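Naming convention: chains lettered A, B, ... in sequence-line order (proteins, then strands); numbering from 1 in each chain. This structure is a prediction, so every number in the text was calculated from the model and none was measured. Atoms considered below: every heavy atom in the structure, side chains included; atoms not considered: hydrogens, waters and symmetry mates.
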2 protein chains.
Amino acid sequence: MTMTIGQLAKKAGVNIETIRYYERRELIPKPHRRKSGYREYSNEFVKRIQFIRHAKELGFSLKEVHELLSLRLDPETPCSEVRKRAEVKISDIDERIKNLQQIKKSLLKLSEACQRSCPISECPILEALEK
Amino acid sequence: MTMTIGQLAKKAGVNIETIRYYERRELIPKPHRRKSGYREYSNEFVKRIQFIRHAKELGFSLKEVHELLSLRLDPETPCSEVRKRAEVKISDIDERIKNLQQIKKSLLKLSEACQRSCPISECPILEALEK
DNA sequence: ATAAACCCTGTACCCTGGTATAGAGTCAAG
DNA sequence: CTTGACTCTATACCAGGGTACAGGGTTTAT
């Protein structure tokens, strides 16, 4: 049911040191400790760390991840505020998706051009993401 | 028509040093030089640098950006190879888009839950990106 | 009851992606 | 023809996000 830091690291696919680092950065809550001082984790922590891992791959900084994770944390924050912040994040995400779709379109174009006859003088990839 | 490195930096919205750095990393071609040694850039470079900037925001490393940009570069590379690489990139991008949509869904859920009555005991954001 | 395999804290180090600075040359406006 | 703004190379430095010891205590399997 519970696990040590080494087991958590294996399950979540990260280095042990990374977990301690995230704890210092307050990206994950301080876990319960045994009398010996050993950290003890529940399965919830696996989710949380995987979330961080994925969000990072998507280009969010640890600071941004912190913002995402703490959106719902403080019960004192008024709802209207939480909603506002969530909506800001949402439009940020929409923007990212749009940009990724542009790059994808360019790659498809490149791939097709290639299939026909390879006369790729211009680079369709650059057309993506121009401003 | 052509511009100096300072003008390019301003147009593309980056630091001058960043441009020289990208040149060393071979993310942009070596520009033409005046007799004095000054670099001279065409408008093409603005596009290229903005592409790099955006791709970075989307979580691509400079190494990955290099791969994207050089996909169509070497005329010796056989078409089949270029297509294969493009397709790998495309499915990588699809994966990213899917993950972003998951996060977005969670944020929407959070925002809605908040709107109704604020009893947000569980964190819907964590549900996104599990696995 | 003793190794092997963990875990603890603290500190130092590493890589990526820049950014700054020094010391010297160039350009252009008055 | 000079002065201020720009550029050059080379080297040093910085922040973010980890990763790796060192020196010392736990756990567990035999």
Side-chain angles (χ1 to χ4, degrees), chain A residues 1-42 45-46 48-70 92 96 129, chain B residues 1-42 45-46 48-70 92 99 129:
Chain A
M1 202 60 245
T2 70
M3 61 193 121
T4 65
I5 196 169
Q7 293 164 327
L8 173 59
K10 191 159 286 177
K11 271 204 187 182
V14 299
N15 190 302
I16 288 180
E17 300 303 326
T18 303
I19 296 175
R20 295 202 262 250
Y21 177 67
Y22 286 170
E23 186 181 324
R24 288 199 296 284
R25 292 284 308 255
E26 296 182 56
L27 292 167
I28 52 178
K30 285 189 193 303
H32 180 250
R33 300 281 189 130
R34 297 193 208 168
K35 273 147 290 172
S36 63
Y38 278 30
R39 290 167 178 82
E40 234 168 27
Y41 296 99
S42 68
F45 284 84
V46 181
R48 187 131 181 159
I49 286 170
Q50 284 176 344
F51 175 84
I52 298 171
R53 223 161 50 74
H54 283 114
K56 244 187 31 203
E57 285 165 13
L58 294 172
F60 293 97
S61 68
L62 292 188
K63 198 178 148 206
E64 286 171 314
V65 171
H66 185 89
E67 283 165 20
L68 281 171
L69 287 174
S70 55
D92 169 32
R96 284 169 197 246
L129 305 191
Chain B
M1 200 61 243
T2 69
M3 59 194 122
T4 66
I5 195 168
Q7 294 164 328
L8 174 59
K10 192 160 285 178
K11 270 204 185 182
V14 299
N15 191 301
I16 287 180
E17 300 303 326
T18 303
I19 297 175
R20 295 202 261 249
Y21 177 66
Y22 286 170
E23 185 181 326
R24 287 199 295 284
R25 292 283 308 256
E26 295 182 58
L27 292 168
I28 51 178
K30 285 189 193 303
H32 178 251
R33 299 282 188 130
R34 295 194 209 168
K35 273 150 288 171
S36 63
Y38 278 32
R39 290 168 177 82
E40 234 168 28
Y41 296 99
S42 67
F45 283 85
V46 181
R48 187 130 181 163
I49 286 170
Q50 283 176 345
F51 174 85
I52 298 171
R53 225 160 49 73
H54 284 114
K56 244 186 33 203
E57 283 165 15
L58 295 171
F60 293 97
S61 67
L62 292 188
K63 198 179 149 205
E64 287 172 312
V65 171
H66 185 90
E67 284 165 19
L68 283 171
L69 287 174
S70 57
D92 169 32
N99 282 332
L129 307 190

Rounded to the nearest 0.5 Å, how far apart are NE2 of B/His66 and CD1 of B/Ile52? 10.5 Å
Find the bend of the helix from C/dA1-D/dT30 to C/dG30-D/dC1 as the angle between its two terminal axes (five pairs each), to the nearest 10°. 10°
What is the separation between atom NZ on A/Lys30 and atom P on C/dC8, rounded to the nearest whole Å? 13 Å
Under 4.0 Å, counting only non-hydrogen atoms across every strand here, what does B/Lys56 touch: a base, just sugar-phosphate, or nothing? sugar-phosphate
The test is side-chain contact (heavy atoms from CB on, under 4.5 Å); show your working for B/Phe51 and B/Leu27 and say whether it passes. CA-CA 11 Å; B/Phe51 174 85; B/Leu27 292 168; over 6 Å; no
Which whole-number value in Å describes the distance from B/Lys63 NZ to C/dC15 P? 14 Å
Residue met sooner reading DNA chain C from 5', once B/Ser61 and A/Thr4 are mapped to nucleotides: A/Thr4
Whole-Å distance between D/dG16 P and A/Ile52 CD1? 17 Å
Atom CZ in B/Phe45, atom CD in B/Gln7: separation rounded to 0.5 Å? 14.0 Å
Close N/O contacts between protein and nucleotides 26-30 of chain C (under 3.5 Å):
unit_1	atom_1	unit_2	atom_2	d
C/dC27	OP1	B/Ser36	OG	3.0

Check the surroundings of atom CD in A/Glu26: do more than 12 heavy atoms from other residues, nucleotides or ligands lie under 6.0 Å from it? no
Inter-residue atom distance B/Leu69.CG - B/Arg48.CZ, 0.5 Å rounding: 4.5 Å
Please report, rounded to the nearest Å, how far the C1' atom of D/dT7 is from the OH atom of B/Tyr41. 11 Å
Measure the spacing between OH of B/Tyr41 and OG1 of B/Thr4 and express it to the nearest 0.5 Å. 9.0 Å
Residues B/Met3, B/Val46; criterion side-chain contact (heavy atoms from CB on, under 4.5 Å); working and verdict: CA-CA 10 Å; B/Met3 59 194 122; B/Val46 181; 3.7 Å; yes
Locate the shortest heavy-atom distance separating A/Asn15 from A/Ala9; write the atom from each residue and the value. C-CB, 4.2 Å
Salt bridge present between B/Arg20 and B/Glu17 (N-O < 4.0 angstrom): yes
For atom CD1 of B/Ile5 and atom C1' of D/dC8, their distance in whole Å: 10 Å
What's the CG-P distance between A/Leu8 and C/dC8, to the nearest Å? 11 Å
Would you say B/Glu40 and B/Arg33 make side-chain contact, with heavy atoms under 4.5 Å? no
Nearest-angstrom distance from the residue atom CZ of B/Arg53 to C1' of C/dG18: 14 Å
Short side-chain N/O contact to C/dC8 OP1/OP2 from A/Arg39, under 4.0 Å: yes
Rounded to whole Å, please give me the gap between NE2 in A/His66 and P in D/dG17. 13 Å
Non-hydrogen atoms of A/Gly59 and A/Glu64 that approach each other most closely: O-OE1, 3.8 Å
Please work out which residues in residues 9-27 of chain A have a non-hydrogen atom less than 4.0 Å from an atom of DNA chain D and list them by number. A/Asn15, A/Glu17, A/Thr18, A/Tyr21, A/Tyr22, A/Arg25
